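Indexing begins at 1, ligand by ligand and atom by atom, following the structure's order. Predicted model, so just to flag it, every value in this text is computed and none were measured.
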Amino acid sequence: MKIIILGAAAGGGFPQWNCACGNCARARCGDPAAKPRTQAALAVSVNDSDYVIFNASPDLRGQILATPALQPRSGLRDSPIAAAVLTGGDVDFTAGLLNLREGHRFGLYAGRRIFDLLGDSQIFRVLDAGLVPRRELPVDVPTRLANGVGQDLGITVEAFVVPGKVALYAEDVSRADFGSSEGDTIGLRIADDHGRAFFYIPSCARVSEDVARRVRSAALVLFDGTLWHDNEMIEAGLMPKTGARMGHISVSGPEGSIAAFAGLDVARKVFVHVNNSNPMILDDTPERAEAERAGWIVAHDGMEIVL
Ligand code: MLT
Ligand code: MN
Ligand code: ZN
């Protein structure tokens, strides 16, 4: 199974268009220790010809242009993208679907909550249901993925609910939970037919007992690395929100993901969806060194992993 990290940054990317924080400034001026990153997504294939993309980021068009494996193979109109799977309704996970509107057939998979959000937005009707069938992913049931005409892709995904929050644009601020409900954020176990499997969890508010049980002893987990600590955006003067308010666990601290994964015996641990404010996004910071000492890799765009 080949996994290509199309984008490793959180919403906004790195550098973010309207951000002049120290990290973004370094990325903008070409500092080699501050590699630019696009918004989080993966491409996965078991035959190196048909690919499934996991989340459709607003940067998808550029990600395809940067990835030869996702470009036309033969004929006048073609794309290796056979299916897309969404783990949340956030702009950074869905807006890229609009880049896939030029008459290409593919299977679109997401949970009920996410399809409800897409259904509320007329603009996604541009993906003609005759070409892009919407196939609901049940939770806790392994589901085989198929292309737009129903041909099996040799990949099975199991969706599971993870702690999280409703998409920002759909928040109901009159409610304590912002109107969130189960299935707003899902994690995925992605497996081939030869016993190889990994987890993609780009957004997660907490490593619950259920999440810990699922990922224990996994060969590979790609996990939410949004913020280094909960207050970092407030302290940097960027935004008045904590990570918890945004539905993201922090990397550091006793409640953070490094601590939560410490006893879980995961062979390869990779941070994705890393925010531009997070000091570990830079190659030369003490925070990056600390993450690496704890056995984590901070993903970068174009990184490939073969399982
Ligand atoms: C997030 O990860 O919290 C979202 O991408 C925020 C957003 O939609 O801007
Ligand atoms: Mn995001
Ligand atoms: Zn920034």
Side-chain angles (χ1 to χ4, degrees), residues 5-31 33-42 54-60 63 86-98 110 113-114 117-118 120-121 162-173 177-180 184-188 200-206 222-251 257 271-282 285 287 299 301:
I5 295 183
L6 300 176
F14 183 52
Q16 179 174 315
W17 69 282
N18 63 346
C19 189
C21 77
N23 292 358
C24 285
R26 284 182 64 180
R28 206 169 273 119
C29 73
D31 183 328
K35 277 195 238 17
R37 287 165 168 82
T38 61
Q39 296 165 85
L42 296 184
F54 290 87
N55 289 331
S57 102
D59 297 319
L60 182 58
Q63 292 169 343
L86 309 178
T87 68
D90 285 341
V91 168
D92 56 341
F93 290 165
T94 59
L97 289 174
L98 301 176
R113 284 282 293 172
I114 300 165
L117 282 176
L118 295 187
D120 289 343
S121 293
V162 301
K165 180 186 76 60
V166 66
L168 176 63
Y169 58 86
E171 285 185 357
D172 176 350
V173 290
D177 64 357
F178 308 105
S180 301
D184 282 325
T185 310
I186 58 174
L188 297 172
Y200 190 45
I201 311 174
S203 187
C204 187
R206 189 167 48 85
L222 307 178
F223 193 77
D224 183 343
T226 308
L227 298 185
W228 182 259
H229 76 90
D230 202 42
N231 279 326
E232 91 192 19
M233 298 192 65
I234 298 173
E235 283 169 15
L238 295 171
M239 196 166 73
K241 276 187 190 173
T242 60
R245 168 65 184 84
M246 296 188 291
H248 295 292
I249 188 174
S250 298
V251 170
S257 48
F271 281 124
V272 293
H273 194 276
V274 183
N275 198 54
N276 59 76
S277 60
N278 188 331
M280 86 179 176
I281 205 167
L282 302 171
T285 54
E287 290 84 359
D301 291 18

- Which protein N, O or S atoms lie under 2.8 Å from the Mn ion (ligand 2), given by chain and residue number? D92 OD2, H273 NE2
- Query: Any side-chain donor-acceptor pair under 3.5 Å between N231 and T242?
  - Reply: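 N231 vs T242: no donor-acceptor pair found between side chains.
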- Message: Quick one about T226 and H273 (side-chain donor to acceptor, distance below 3.5 Å, no hydrogens or angles considered), yes or no?
- Response: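 There is such a pair between these side chains.
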Please report which non-hydrogen protein atom sits nearest to [atom], along with the residue it belongs to and the distance in Å to one decimal place.
| atom | result |
| --- | --- |
| atom 2 (O) of ligand 1 | H248 NE2, 2.8 Å |
| atom 5 (O) of ligand 1 | D92 OD1, 2.9 Å |
| atom 9 (O) of ligand 1 | L168 CD2, 3.8 Å |
| atom 4 (C) of ligand 1 | D90 OD2, 3.5 Å |

- Message: I need the atoms of ligand 1 closer than 4.0 Å to a non-hydrogen atom of H273, numbered in the order shown.
- Response: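 Atoms satisfying the 4.0 Å criterion: 2 (O).
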- Query: Going by the order shown, which atoms of ligand 1 are within less than 4.0 Å of some heavy atom of M246?
  - Reply: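 Listed by number with element, the hits are 3 (O).
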- Task: Check whether NZ of the Lys or CZ of the Arg R245 lies under 6.0 Å from the centre of the six-membered ring of F178 and within 45 degrees of that ring's axis.
- Result: yes
- Message: To 10 degrees, how wide is the angle OD1 (N276) to the Zn ion (ligand 3) to SG (C19)?
- Response: 110°
- Task: Quick one: the SG of C21, the Zn ion (ligand 3), SG of C24 angle, rounded to 10°, please.
- Result: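 Taking the Zn ion (ligand 3) as the apex, the two atoms subtend 110°.
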- Query: Checking D301 side chain against A8 main chain: does a donor-acceptor pair fall under 3.5 Å?
  - Reply: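 Side chain of D301 to backbone of A8: a pair is present.
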- Looking at G243 and L227, what are the two nearest heavy atoms and their distance? CA-CD1, 3.4 Å
- Item | Least distance between heavy atoms, L60 atom then G96 atom | CD2-O, 3.6 Å
- Task: In sequence, state the C-alpha distance, the side-chain angles, and the governing distance for D92 and Q39, and then conclude on side-chain hydrogen bond (donor to acceptor under 3.5 Å, both in side chains).
- Result: CA-CA 6 Å; D92 56 341; Q39 296 165 85; over 6 Å; no
- Item | Distance (rounded to the nearest 0.5 Å) between C21 SG and Q16 CD |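 Output value for this atom pair is 8.0 Å.
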- Message: Within the structure, is a non-hydrogen atom of Q39 found at a distance of less than 4.0 Å from ligand 1?
- Response: no
